[in-house]
Enquirer: 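Sending over a structure as structure tokens; questions will come in a sec.
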Amino acid sequence: MVASGIKKTIMSDLTAGLILDLEFHRQNKWVATICSPRLVDEMIKRFHCIIMNNQNEFNRYYKDVDFLISVEPGWAAPVVDWRRRFLGVPTRRSKLSYILYSDPHLSPWREKYFLHNKIGYILAFYLGPTLRHFGNIPKDLIVHFPWAIPDDFITKHRIMCRGQTSLTLYGAINSKCYDVRNWCRQFDFVDYKHYSGVENKALSNQDFLTWLGEQDAVIAAGSDDPTYRLTMPKYFEIPAIGALLFAQETDDLEALGFRDMVNCVIFNRSNFEAKAKAYLADPESYLSIRENGRELIRARHSLSVRMDMIERHVREHIK
């Protein structure tokens with residue numbers, strides 16, 4: 001299936017073989033329901049995409065593309081045998097190839113799948129954890145490809161305080177991956193909402209965006225266990241709408257450009273309560289931090305920036 005009928009001002013001349021479960025995407029079964037489907041949509045808009053929905057389509061079309069890219073295999077993409085591309089004639093034996101990997105701790109087979117199929121690069125949503133869990137893969141083959149926010153989701157309104165007397169917290173809670181999130185819930189100045197793409201899809205995407213845009217300060221937290229210390233989509237969603245990001249410490253925060261008391265508030269268990277009470281005592285003084293947070297997302301973590309990044313990497317490495 002060749003993607004067509006979607007217009008974009010900037011359209012690459014590159015042709016991508018996008019390995020994707022098309023029905024999964026059409027039914028929007030994604031967990032990161034703002035970031036993930038829009039990422040796929042933007043790939044289809046940016047590149048001339050041939051969507052490979054199964055092994056037969058991979059076998060048929062892989063010779064016709066400039067590069068190959070798969071979303072999460074076994075979840076949102078079929079598990080295909082990539083080795084077919086080394087057998088085709090005519091084609092480049094070094095066909096440039098990428099695979100997108102999210103939670104690196106979930107399936108050890110992912111590393112074996114990458115190595116067995118001789119895939120070129122991992123596009124890793126989480127850099128530190130991926131380096132930790134994929135120790136048999138050379139570091140230069142792991143490309144940090146963080147979550148990105150759709151450009152039209154990043155607000156432009158003047159940021160102001162709404163007089164809220166608590167910090168907002170949302171997300172799934174029924175897993176050891178969320179021990180810090182659950183720890184935060186115990187404080188009486190934390191207002192928890194069970195809105196989650198994983199456990200409780202209580203709001204539509206638009207309703208969620210509307211609700212999140214009404215918050216002054218929001219906590220992004222998961223776990224402080226090194227296995228699960230992930231910089232999730234929440235870290236990007238919250239500042240994008242102009243709220244103050246209370247960010248639990250993670251491996252990747254510095255590389256992503258998050259700076260304590262510059263564009264967010266970074267916390268751990270030992271200083272969370274003090275930092276929260278300092279903010280609640282004088283929320284007006286944090287307005288510039290909120291502005292800086294939104295600008296960080298606009299400058300470094302918008303979808304257009306991320307699409308430029310992958311196109312630049314392809315052009316630098318294609319043969």
Side-chain angles (χ1 to χ4, degrees), residues 8-10 12 30 32-43 45-47 69 71 98 100-104 121-131 139-140 142-159 209 212-213 215 217-222 229-267 286-317:
K8 184 176 173 64
T9 303
I10 300 174
S12 174
W30 303 96
T33 50
I34 293 172
C35 296
S36 295
R38 288 292 298 273
L39 174 62
V40 170
D41 289 341
E42 289 301 313
M43 286 184 185
K45 292 178 183 179
R46 173 62 68 98
F47 304 108
I69 185 167
V71 295
Y98 300 88
L100 278 158
Y101 275 152
S102 182
D103 302 353
Y121 296 93
I122 291 175
L123 298 178
F125 288 115
Y126 310 113
L127 180 60
T130 301
L131 291 172
K139 292 182 179 180
D140 60 344
I142 297 175
V143 179
H144 197 191
F145 193 75
W147 295 104
I149 298 297
D151 295 59
D152 57 339
F153 174 49
I154 304 170
T155 62
K156 298 179 181 179
H157 60 73
R158 184 169 68 90
I159 295 175
L209 296 181
L212 188 60
Q215 310 308 309
V218 188
I219 302 165
R229 198 166 53 225
L230 308 176
T231 313
M232 301 163 287
K234 292 175 177 61
Y235 286 75
F236 305 88
E237 296 168 350
I238 293 163
I241 55 85
L244 177 66
L245 169 64
F246 264 76
Q248 176 213 319
E249 292 177 352
T250 70
D251 294 356
D252 295 338
L253 281 185
E254 183 176 355
L256 292 165
F258 291 103
R259 301 287 184 270
D260 185 40
M261 298 302 292
V262 174
N263 50 36
C264 64
V265 177
I266 299 175
F267 73 89
Y286 289 73
L287 288 174
S288 63
I289 297 176
R290 293 168 63 175
E291 294 278 4
N292 292 341
R294 184 169 62 180
E295 184 53 35
L296 171 67
I297 303 304
R298 191 189 321 279
R300 292 186 54 179
H301 303 301
S302 67
L303 260 182
S304 59
V305 168
R306 206 65 80 239
M307 287 300 98
D308 289 345
M309 172 188 170
I310 185 60
E311 179 161 5
R312 184 167 56 251
H313 194 276
V314 169
R315 292 193 183 279
E316 289 173 354
H317 293 85

Enquirer: Please report the C-alpha distance between I69 and L123 in whole Å, then the side-chain angles of each, then the deciding distance to 0.1 Å, and finally whether the side-chain contact (heavy atoms from CB on, under 4.5 Å) criterion is met.
Expert: CA-CA 9 Å; I69 185 167; L123 298 178; 3.7 Å; yes
Enquirer: Can you tell me how far apart NZ (K45) and OG (S304) are? Round to the nearest 0.5 Å.
Expert: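 OG of S304 is found 11.5 Å from NZ of K45.
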Enquirer: At what distance, to the nearest 0.5 angstrom, does CG of L39 lie from CD1 of I310?
Expert: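 Going from the CG atom of L39 to the CD1 atom of I310 covers 9.5 Å.
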Enquirer: Looking at R294 and G242, would you say the former's side chain and the latter's main chain have a donor-acceptor pair under 3.5 Å?
Expert: no
Enquirer: Please step through side-chain contact (heavy atoms from CB on, under 4.5 Å) for the pair M261 and Y286, ending with a clear verdict.
Expert: CA-CA 8 Å; M261 298 302 292; Y286 289 73; 3.7 Å; yes
Enquirer: From E42 CD over to C35 SG, what is the distance, rounded to the nearest 0.5 angstrom?
Expert: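 With rounding to 0.5 Å, CD (E42) is 12.0 Å from SG (C35).
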Enquirer: Does I142 form a side-chain contact (heavy atoms from CB on, under 4.5 Å) with Y101? I'd like the steps, not just the answer.
Expert: CA-CA 10 Å; I142 297 175; Y101 275 152; over 6 Å; no
Enquirer: For a side chain to side chain contact (heavy atoms under 4.5 Å, CB included) with D252, tell me which candidate from L127, T130, L230 qualifies.
Expert: L127
Enquirer: Find the distance between CD1 (I149) and CZ (R38) and round it off to the nearest 0.5 Å.
Expert: 10.0 Å
Enquirer: For H144 and A124, work out which heavy atoms get closest and say how close.
Expert: CD2-O, 3.5 Å
Enquirer: Between E295 and R298, does any side-chain N to carboxylate O distance fall below 4.0 Å?
Expert: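 Looking at R298 together with E295, the answer is yes, because their closest N to O distance falls below 4.0 Å.
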Enquirer: Scan I159, D260, L244, V262 and name whichever one has a side chain to side chain contact (heavy atoms under 4.5 Å, CB included) with I289.
Expert: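 Option passing the side chain to side chain contact (heavy atoms under 4.5 Å, CB included) with I289: L244.
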Enquirer: Indicate whether any N or O donor in one side chain lies under 3.5 Å from an N or O acceptor in the other, for Y121 and H313.
Expert: no
Enquirer: Determine whether a donor-acceptor pair (N or O, by modelled atom type, separation under 3.5 Å) exists between the side chain of E249 and the backbone of I266.
Expert: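 No, the answer is negative, given that no donor and acceptor are paired below the 3.5 Å cut-off.
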Enquirer: For L253 versus T231, what's the shortest heavy-atom pair and its separation?
Expert: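 Smallest heavy-atom distance, with atoms named: CD2-CG2, 4.1 Å.
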Enquirer: What are the two closest heavy atoms between Y126 and P104, and how far apart are they?
Expert: CD1-CD, 3.9 Å
Enquirer: Are any side-chain N or O atoms of Y235 and backbone N or O atoms of Q248, one a donor and one an acceptor, separated by less than 3.5 Å?
Expert: yes
Enquirer: Kindly indicate whether the side chain of F258, heavy atoms from C-beta on, has any atom under 4.5 Å from the side chain of L245.
Expert: yes
Enquirer: Measuring from atom CD1 of I154 to atom CD1 of I297, what distance do you get when rounded to the nearest 0.5 angstrom?
Expert: 7.0 Å
Enquirer: Taking all heavy atoms of P150 and all of L303, pick out the closest pair and write down the distance.
Expert: CA-CD1, 3.9 Å
Enquirer: Closest heavy-atom contact between V305 and A299?
Expert: CG2-O, 3.6 Å
Enquirer: Tell me, do L256 and T250 make a side-chain contact under 4.5 Å, heavy atoms counted?
Expert: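 Sidechains of T250 and L256: no contact.
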Enquirer: Could you go step by step and tell me if W147 and H301 meet the side-chain contact (heavy atoms from CB on, under 4.5 Å) rule?
Expert: CA-CA 7 Å; W147 295 104; H301 303 301; over 6 Å; no
Enquirer: Looking only at heavy atoms, what is the nearest atom pair of I241 and H157, with distance?
Expert: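 Of all heavy-atom pairs spanning I241 and H157, the closest is O-NE2, 3.7 Å.
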Enquirer: Less than 4.5 Å apart, side chain to side chain, heavy atoms only: is that true for M43 and V40?
Expert: no
Enquirer: Would you check if the side chain of R306 reaches a backbone N or O of P146 as a donor-acceptor pair within less than 3.5 Å?
Expert: yes
Enquirer: Between R259 and C264 (side chain of the first, backbone of the second, donor and acceptor by atom type, cut-off under 3.5 Å), is there such a pair?
Expert: no
Enquirer: Measure from the side-chain N and O atoms of N263 to the backbone N and O of L296, and report whether any donor-acceptor pair falls under 3.5 Å.
Expert: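 A pair under 3.5 Å: no.
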Enquirer: Taking atom CD1 of I219 and atom CD1 of I238, what is their separation to the nearest 0.5 Å?
Expert: 8.5 Å
